[in-house]
Amino acid sequence: MYHKISNQLCQCGTPFYCYDLSLLRSTLGAINLEIEGYPFVVHYALKANANPVILREIVNAGVGADLVSGNEIMAAIEAGFDPNKMAYAGVGKTDWEIETGIDKDIYCFNVESVPEMEVINEIAARKGKTMGIAIRVNPNIDAHTHRYITTGTNEDKFGIDIPMLDEVVEKAMNLSNIHLRGLHFHIGSQITSLEPYKMLCEKVNKLVDHYEKNGVNFEMIDVGGGLGIDYEKPEENPIAPFHDFFAVFKNGLKLREGQKVHFELGRSIVAQCGALISRVVFVKENSVKKFVILDAGMTDLLRPALYDAHHKIVNLTSQESDMETYDVVGPICESSDVFACDEQLPITRRGDLIAILSAGAYGESMASSYNMRNLPGSQFVG
Ligand code: LLP
């Protein structure tokens, strides 16, 4: 995609995010192909990227929305997502956010605690409505990903433990302004092995059997998101392994008549279509290292500083065939403002354009104005 980035595109000033909309469309097409004919509903997790142009493409593909704040509900409505395909998760929904979800008639609140369930019931009653909910279950599965993005073990704040679930399900059945639609799970993010998802299917089957025996039938099961992408070889694997991912659920879940499976994919939809484009401000040398200093920093793309994530870096300008080893860093006054250590790049000079790839997910959406910097802009190709 970065081959499509011209100097003209850069006239608006660096750093900015460049999105390849044709890759985004192909990704959405690949998902729709896999789910066709199955009772599967895919939601897009807006937290990965809520750029309105990106959202418009996703709406056009018929995908639903997975939301984590009142402002995300409003952004999803604005972008044209169908409220009937909106799920709203989060451990700390405020009253205003709950009211917004109720006023917009969203399909489902993914409820994470009993107090939250009671407040939804109370506000819905006040508004004369009955709201769909799913109970977020903590399945205690370790997704073997970074500790900051593991969500499904008992050590995490998310969801309701299985030993407490009977009580919570019973409570949900007895609240008059709540309609229990099903169970919700999400075990983590950037998951690159399918094993945790197979384990999840087993847990889901057991729970669905258990509740069926007790007279509780679920219209849906939400298995969350988390499918990982290839950060090291994005050009070779621009589209996530959707075939294998959906096959796990096609083969692993024992669905009941009419039961639907919901998915909440974020990263795997948008990561590869975005690159952060920046310019080299200086190349600096000390007694042990050479540094490429960019005009983009951790305020534009936080993932390397926060998770030690590595994104592939490409010099778009240099025609040199000789390679050199550099630390690629940003201008922010923080030692963690480093994109990569000991990165091999062709000889790099002041003014060169640099692309940091696979940055479409959790890039622009996590940008901040620390050091009073401007937020990065966006450009579109394809
Ligand atoms: N559903 C729930 C309940 C979630 O918490 C998340 C992500 C998703 C779906 C979407 O997960 P995905 O398919 O994108 O993995 N900032 C981190 C990732 C945080 C993920 C938070 N939850 C990063 O840059 O790696």
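Position 1 is the first residue of the sequence, and the numbers go up from there. Atoms within a ligand are numbered from 1 in the order they appear, just like the ligands themselves.
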message: Minimum distance, heavy atoms only, to atom 17 (C) of ligand 1: which one of Y307, Y231, F158, F263 is it?
response: Y307

- request: Under 4.0 Å, heavy atoms only, figure out whether ligand 1 is touched by the backbone of V68, its side chain, both or neither.
  value: neither

task: Examine the side chains of E57 and Y19 and answer whether a donor and an acceptor come within less than 3.5 Å of each other.
output: no

- prompt: Measuring from the heavy atoms of G226, does anything fall under 4.0 Å of ligand 1?
  reply: yes

message: Suppose I only count heavy atoms of G266 and a 4.0 Å limit; which atoms of ligand 1 are within that range?
response: 12 (P), 13 (O), 14 (O)

- prompt: Which option out of H186, M366, R303 puts a heavy atom nearest to atom 5 (O) of ligand 1?
  reply: H186

Polar proximity ligand 1 side, S268 side, N/O cut 3.5 Å exclusive: no

Numbered atoms and elements of ligand 1 in range of R267, under 4.0 angstrom, heavy atoms: 12 (P), 13 (O), 14 (O), 18 (C), 23 (C), 25 (O)

- request: Output the distance between atom CD1 (I178) and atom OG1 (T130), rounded to the nearest 0.5 Å.
  value: 9.5 Å

Proximal atoms of ligand 1 relative to R136 (non-hydrogen, under 4.0 Å): 3 (C)

- prompt: Yes or no on salt bridge (charged side-chain N to carboxylate O under 4.0 Å, His left out) for D209 and R256, after CA distance, side-chain angles and deciding distance?
  reply: CA-CA 10 Å; D209 282 348; R256 306 301 194 266; 2.5 Å; yes

- prompt: Counting N and O atoms only, with roles assigned by atom type, does the side chain of D230 sit under 3.5 Å from a partner on the main chain of E232, one being a donor and the other an acceptor?
  reply: yes

query: What atoms of ligand 1 come closer than 4.0 angstrom to any heavy atom of A45?
result: 10 (C)

message: For a side-chain hydrogen bond (donor to acceptor under 3.5 Å, both in side chains) check, start with the C-alpha distance between S69 and N71, then their side-chain angles and the critical distance, and finish with the verdict.
response: CA-CA 5 Å; S69 70; N71 286 347; 5.5 Å; no

- prompt: Within a strict 4.5 Å, meaning less than it, do heavy atoms of the L55 and F81 side chains meet?
  reply: yes

- prompt: For the side chain of S113 and the backbone of E116, is there at least one donor-acceptor N/O pair under 3.5 Å apart?
  reply: yes

statement: Near L265 (heavy-atom distance under 4.0 Å), the atoms of ligand 1 are 13 (O)

task: Check if H43 has a non-hydrogen atom at a distance under 4.0 Å from any atom of ligand 1.
output: no

field: Reported CG-to-NE2 distance for the pair L276 and H311, which is rounded to 0.5 angstrom
entry: 9.5 Å

